[in-house]
Amino acid sequence: MEHPMLDTWTRIDTLGDHVGKTVTLKGWLYNKRSSGKICFLLLRDGTGIVQMVMSQSDVPAGIYDSYHELTPESSIEATGVVKEDKRAPGGYEIGLSDLKIVSIAEEYPITPKEHGADFLLQRRHLWLRSRRQQAIMRIRAELIRAIQDFFDQQGFMRLDAPIFSPSNCEGASTLFSVPYFDHGEAYLTQSGQLYAEAGAFALGRVYTFGPTFRAEKSKTRRHLTEFWMIEPELTFADLDDIMDLAEDLISFFMERVLQNRAADLETLERDIESLRKIRRPFVRMTYDEALEQLKRIGGGPEWGQDLGATDETLLSSQYDRPLLIHRYPLQAKAFYMKPDPTDRRLTLNMDVLAPEGYGEIIGGSQREDDLDSLVSRMEEEGIPKEPLEWYVDLRRYGSVPHSGFGLGLERTISWICGLKHVREAIPFPRLMDRFYP
RNA sequence: UCCCCGGUAGCUCAGCUGGUAGAGCGGGUGGCUGUUAACCACUUUGUCGGCGGUUCGAGUCCGUCCCGGGGAGCCA
């Protein structure tokens with residue numbers, strides 16, 4: 001699309017369309033090198049990085065001398081001829097003819113050498129400028145786009161759930177509370193699912209996409225206190241339907257990311273071959289089968305306990321594609337999950353574990369659609385009914401079988417990008433002891 | 001909440017059984033017409049996380065607190 005106002009200069013990612021022509025670029029100095037009478041300036045503009053070459057013999061002295069003034073991350077406007085050059089990492093370079101300094105940067109704290117996690121997180125606003133972080137953010141954007149396209153194509157409608165929620169309804173996680181006028185405490189949502197169920201009863205197939213919050217004191221590479229979740233909810237759908245849907249979704253976005261963001265995956269030095277293997281069908285097993293297998297390879301909890309992180313890693317490392325584990329013990333799972341009619345000790349739920357130790361990226365279930373069963377389950381779990389009357393109502397007015405799941409965006413990004421920690425998968429991570437910047 | 005690891009120059013780290021602190025990078029100056037985390041020479045930089053203790057002497061040993069990292073539980 002043409003944007004006359006925005007297209008007065010050229011973006012680095014479109015240089016291929018301008019070979020041989022003189023263009024103006026705007027951005028920041030990524031790095032510079034010189035060997036006396038020739039110098040190299042690396043320009044970064046958010047769409048890529050290009051090397052600009054300037055010879056003392058080709059440009060006015062005033063412009064050539066500005067090389068010495070320029071510091072890393074200084075902002076500049078540069079004009080020059082686009083040249084194809086095999087020596088240049090991106091395939092193109094700029095033969096510089098004019099250079100205008102917009103602003104000289106103070107000494108930039110982030111150098112091309114290694115830094116520790118604390119140092120970088122404290123400077124996240126600057127860290128995002130690095131090649132690697134840019135690549136992750138582009139993949140994040142691509143993934144979000146792919147997920148939305150997938151659901152749109154499948155006839156889902158996006159319906160957003162509220163962030164303020166009236167009660168700690170699921171009882172499971174510790175929630176953040178905030179004062180809410182004269183109504184006491186409100187809580188930051190830990191999931192949009194219950195609202196998605198209401199939405200599905202109105203619109204058939206919906207998905208929510210928004211931030212969720214957990215006040216758990218989890219200090220691990222897989223946890224954030226604020227993370228984004230995509231939660232599809234479908235009426236007239238059972239457990240098998242959402243297992244199929246989860247496989248389709250993952251296959252779809254993986255293909256899209258591989259197709260459109262290969263260069264970024266390369267920047268991240270991600271092993272692309274292992275991502276190419278992510279195609280249907282995935283591996284499926286029941287909780288009981290998972291336990292059996294864990295016993296063979298040494299591990300596993302007592303029957304009835306949820307699988308621990310170590311067990312999940314152990315299990316999923318046996319396969320090169322995602323693993324779906326379904327039908328967990330009822331006692332380990334939430335009240336809204338429907339018991340398996342063939343074995344009422346089990347629920348009709350499933351988790352999807354990503355390969356390579358990235359752990360649980362999806363959790364979902366068929367929902368309890370029977371009024372009496374839901375109410376008695378809530379009583380057993382000691383869940384206050386009053387704040388959830390609206391949720392129970394859904395079973396009073398035309399209840400139908402329905403199912404859904406939640407996909408953790410940052411964990412999925414971590415997996416795709418091969419990150420060591422989810423904190424790199426979100427622009428400004430919120431962690432237990434860190435909410436700056 | 002519990003367990004493990006760490007805190008030394010702006011950054012990343014080394015510093016043995018205690019003897020008064022070092023490298024690389026960065027910064028600065030100079031050199032180089034094809035550099036790719038450029039290179040070469042010279043140069044600059046410290047309340048060794050805080051407090052207390054042991055000792056003739058503590059970056060090093062002990063106690064304690066603070067901060068950070070990883071993991072468990074819980075979860076996406």
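Below, each value reflects all heavy atoms present in this structure, side chains not excepted, and no hydrogens, waters or symmetry copies.
- Taking 4.0 angstrom as the limit, A:Arg434 places a side-chain polar atom (N or O) nearer than this to OP1 or OP2 of B:G69.
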If you restrict it to nitrogen or oxygen atoms, what contacts under 3.5 Å exist between nucleotides 1-6 of chain B and the protein, and what is each distance?
| from | atom 1 | to | atom 2 | distance (Å) |
| --- | --- | --- | --- | --- |
| B:U1 | OP1 | A:Lys217 | NZ | 3.4 |
| B:U1 | O4 | A:Lys217 | O | 3.1 |

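- Qualifying side chain to side chain donor-acceptor pair (under 3.5 Å) partners for A:Asp17, counting only residues two or more places apart in sequence or in other chains: none.
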### Nucleotide pairing, RNA chain B (Watson-Crick or G-U, distances under 3.5 Å), in dot-bracket with [ ] and |
(((((((..((((.....[..))))((((((.......))))))....(((((..]....))))))))))))....
### Task
Quick one, give me the B/S/- string for nucleotides 22-34 of chain B, reading 5' to 3', where B means a protein heavy atom under 4.0 Å from the base and S means that only happens at the primed atoms, P, OP1 or OP2.
---SSS----BBB
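- If you check residues 226-233 of chain A against RNA chain B, the residues with a heavy atom closer than 4.0 Å are A:Phe227, A:Met229, listed by number.
- Evaluation of atom-type donor-acceptor distances gives a pair under 3.5 Å for the side chain of A:His223 against the base of B:C75.
- With distances taken from any side-chain atom of A:Arg33 to the nucleotides B:G70, B:A37, B:U35, the minimum falls on B:U35.
- Checked against ring pair (Phe, Tyr, Trp, His ring centres under 6.0 Å), A:Phe156 has the following partners two or more places apart in sequence or in another chain: A:Phe151.
- Remark: A:Arg270 does not engage A:Asp264 in a salt bridge, criterion side-chain N to carboxylate O under 4.0 Å.
- In this structure, A:Phe40 and A:Leu96 have side chains that are not in contact, with every pair of non-hydrogen atoms separated by 4.5 Å or more.
- Applying the 4.0 Å criterion to OP1 and OP2 of B:A76, one finds that A:Arg221 has every side-chain N and O outside that range.
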